[in-house]
Asker: 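Input: one structure, supplied below.
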Amino acid sequence: MEKVLRRRAIGEIQKEERKQAILDTAWNLFQATNYEALTMSEVAEAVGLAKGTLFLYFKTKESLFLAIVGQQLNLWFAEVNADLKALNQPNDIPLTSSVLSQALEQRPSLVRLLAILHTILERNISPEETRLFKRYLLQHFAETGQLLENCLPFLEPGKGVHLLLQSYALVIGMWHLTDPAPIAAAILEESEFRPFKLNFATEFSAAIQALWRGLQND
């Protein structure tokens with residue numbers, strides 16, 4: 001029985017290692033292309049697996065990339081939480097908001113995924129996967145929301161989570177506005193249309209500060 005359990009444990013470890021290899025490979029491929037162009041066949045080939053084997057780990061492409069979103073958000077939340085805890089200037093909106101915006105600016109591929117999370121990635125996953133992901137978000141939003149309340153005393157208890165949700169909506173909107181399709185991007189180089197050519201980092205930083213100041217003055 002002990003040998004059987006040991007073999008089972010080794011097997012589980014190998015499965016987790018292969019699963020992580022799939023996630024890492026898909027993430028690397030995504031950073032070099034776009035979601036629509038990337039196929040599960042390409043991911044399987046890059047990992048060195050048969051396509052059917054890949055689907056044993058992730059039933060859909062959306063399921064695979066939802067798992068990637070979770071892992072990348074883990075890194076973002078860890079950085080943001082550490083930086084918020086280190087702040088010693090309460091009620092400083094520019095300083096506090098820069099913690100969120102700079103962490104996003106350093107992760108453009110994560111922003112690209114967040115922009116399609118609700119419109120694409122959540123459309124072809126199981127109800128249980130959806131529940132697990134929403135619970136994961138609730139946990140992280142609650143922790144980071146509390147840290148925001150500590151940094152921004154004008155926030156009432158529990159309002160930090162709502163502030164994060166509003167800021168997240170700005171992320172999605174600003175990315176779509178500042179990441180035009182190739183044809184549109186070429187047109188925006190013409191002087192007539194330059195007002196529509198915007199930079200995500202600049203616009204998001206300004207928008208999040210305006211949002212937070214508005215809440216402060218309510």
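If you read the sequence from its start, that first residue is 1, and numbering goes on from there.
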Asker: If only side-chain N and O atoms count, and only distance matters, is there a donor-acceptor pair under 3.5 Å linking Asn199 with Glu203?
Answerer: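 No donor-acceptor contact under 3.5 Å links the two side chains.
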Asker: For the residue pair Ile22 and Leu49, establish whether any side-chain heavy-atom pair is separated by less than 4.5 Å.
Answerer: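 Yes. Closest side-chain heavy atoms under 4.5 Å.
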Asker: Any non-hydrogen side-chain atom of Met174 less than 4.5 Å from a side-chain atom of Ser205?
Answerer: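 No, every pair of side-chain atoms sits at 4.5 Å or beyond.
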Asker: Would you call Leu23 and Phe58 a side-chain contact if the rule is heavy atoms closer than 4.5 Å?
Answerer: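 Answer yes - side chains close enough.
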Asker: A side-chain contact here means heavy atoms from C-beta on lying under 4.5 Å apart; do Glu122 and Phe133 qualify?
Answerer: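 Result yes, sub-4.5 Å side-chain heavy-atom pair found.
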Asker: Tell me, do Trp212 and Leu148 make a side-chain contact under 4.5 Å, heavy atoms counted?
Answerer: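 Touching, per the 4.5 Å side-chain cut-off.
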Asker: Of all residues at least two apart in sequence or in a different chain, which pass the ring pair (Phe, Tyr, Trp, His ring centres under 6.0 Å) check with Phe193?
Answerer: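 Scan of Phe193 (ring pair (Phe, Tyr, Trp, His ring centres under 6.0 Å), adjacent residues dropped) gives none.
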Asker: Would you name the heavy atoms of Ser97 and Gln209 that are closest together and state the gap between them?
Answerer: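 Answer, listing the atom of Ser97 first, then Gln209: OG-CG, 3.3 Å.
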Asker: Using a 3.5 Å distance criterion without hydrogens, assess whether the side chain of Arg112 forms a donor-acceptor pair with backbone atoms of Pro108.
Answerer: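 Not confirmed, Arg112 side chain does not pair with Pro108 backbone.
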Asker: Nearest 0.5 Å, what's the CG-CG distance between Leu121 and Leu66?
Answerer: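 One gets 6.5 Å once the value is rounded to the nearest 0.5 Å.
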Asker: According to ring pair (Phe, Tyr, Trp, His ring centres under 6.0 Å), who are the partners of Phe200, at least two apart in sequence or on a separate chain?
Answerer: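 Here the qualifying residues are Trp175, Phe204.
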Asker: Could you pull out all donor-acceptor pairs under 3.5 Å where a side-chain atom in residues 152-164 meets a protein atom, sequence neighbours excluded?
Answerer:
none

Asker: With side-chain hydrogen bond (donor to acceptor under 3.5 Å, both in side chains) as the rule and sequence neighbours excluded, what pairs involving residues 63-74 come up?
Answerer: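 For residues 63-74, and leaving out neighbouring residues, the side-chain hydrogen bond (donor to acceptor under 3.5 Å, both in side chains) pairs sorted by first residue read Gln20-Gln71, Ser63-Glu129, Asn74-Tyr136, Asn74-His140.
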Asker: What I'd like to find out is whether the side chain of Leu114 reaches to under 4.5 Å of the side chain of Leu73, using heavy atoms alone.
Answerer: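 A side-chain contact exists here, since the closest heavy-atom pair is under 4.5 Å.
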Asker: For Tyr35, does its backbone N or O pair with a side-chain atom of Lys61 as donor and acceptor, under 3.5 Å?
Answerer: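 At least one qualifying donor-acceptor pair exists.
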Asker: Contact between Leu29 and Thr25 at the side-chain level, heavy atoms closer than 4.5 Å - yes or no?
Answerer: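 Side-chain contact under 4.5 Å: yes.
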Asker: Shortest non-hydrogen contact from His176 to Ala115?
Answerer: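 Taking every non-hydrogen atom into account, NE2-O, 3.2 Å.
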Asker: Looking at Val80 and Ala103, what are the two nearest heavy atoms and their distance?
Answerer: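 Minimum heavy-atom contact is CG2-CB, 3.8 Å.
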Asker: Would you list the pairs meeting side-chain hydrogen bond (donor to acceptor under 3.5 Å, both in side chains) in which at least one residue belongs to residues 183-196, sequence neighbours left out?
Answerer: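 As it turns out, the side-chain hydrogen bond (donor to acceptor under 3.5 Å, both in side chains) pairs with a partner in residues 183-196, which skip direct neighbours, are Glu189-Lys197.
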Asker: Do the charged groups of Lys19 and Glu16 touch, with an N to O distance under 4.0 Å?
Answerer: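 Between Glu16 and Lys19 there is no salt bridge, as every charged N stays at least 4.0 Å from the carboxylate O atoms.
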Asker: When you compare the side chain of Ile120 with that of Phe65, does any pair of heavy atoms fall below 4.5 Å?
Answerer: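 The answer is no; the side chains never approach within 4.5 Å.
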Asker: For a quick test of reading the model, state the closest non-hydrogen atom pair linking Glu42 to Ala37 and the distance between them.
Answerer: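 Heavy-atom minimum between the residues: OE1-O, 3.3 Å.
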Asker: Which atom names give the shortest non-hydrogen contact between Leu38 and Ala26, and what distance separates them?
Answerer: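 Looks like CD2-O, 4.0 Å.
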Asker: Using the six-membered ring of Tyr57, assess whether NZ or CZ of Arg18 lies under 6.0 Å from its centre and within 45 degrees of the ring axis.
Answerer: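 Pair Arg18/Tyr57 does not count as cation-pi.
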Asker: If you measure from NZ on Lys59 to CD1 on Ile125, what distance do you get to the nearest 0.5 Å?
Answerer: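 One gets 13.5 Å once the value is rounded to the nearest 0.5 Å.
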Asker: According to salt bridge (charged side-chain N to carboxylate O under 4.0 Å, His left out), does anything in residues 62-85 pair up with another residue at least two apart or in another chain? List the pairs.
Answerer: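 Non-adjacent pairs meeting salt bridge (charged side-chain N to carboxylate O under 4.0 Å, His left out): Glu79-Arg107.
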Asker: Does one side chain, of Trp27 or Ser109, offer a donor that lies under 3.5 Å from an acceptor on the other?
Answerer: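 No.
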Asker: Can you hop from Leu165 to Leu117 via hydrophobic side chains spaced under 4.5 Å?
Answerer: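 Same cluster.
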Asker: Of the non-hydrogen atoms in Leu177 and Leu198, which two are nearest, and what is the gap between them?
Answerer: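 Closest approach of Leu177 to Leu198: CD2-CD1, 3.6 Å.
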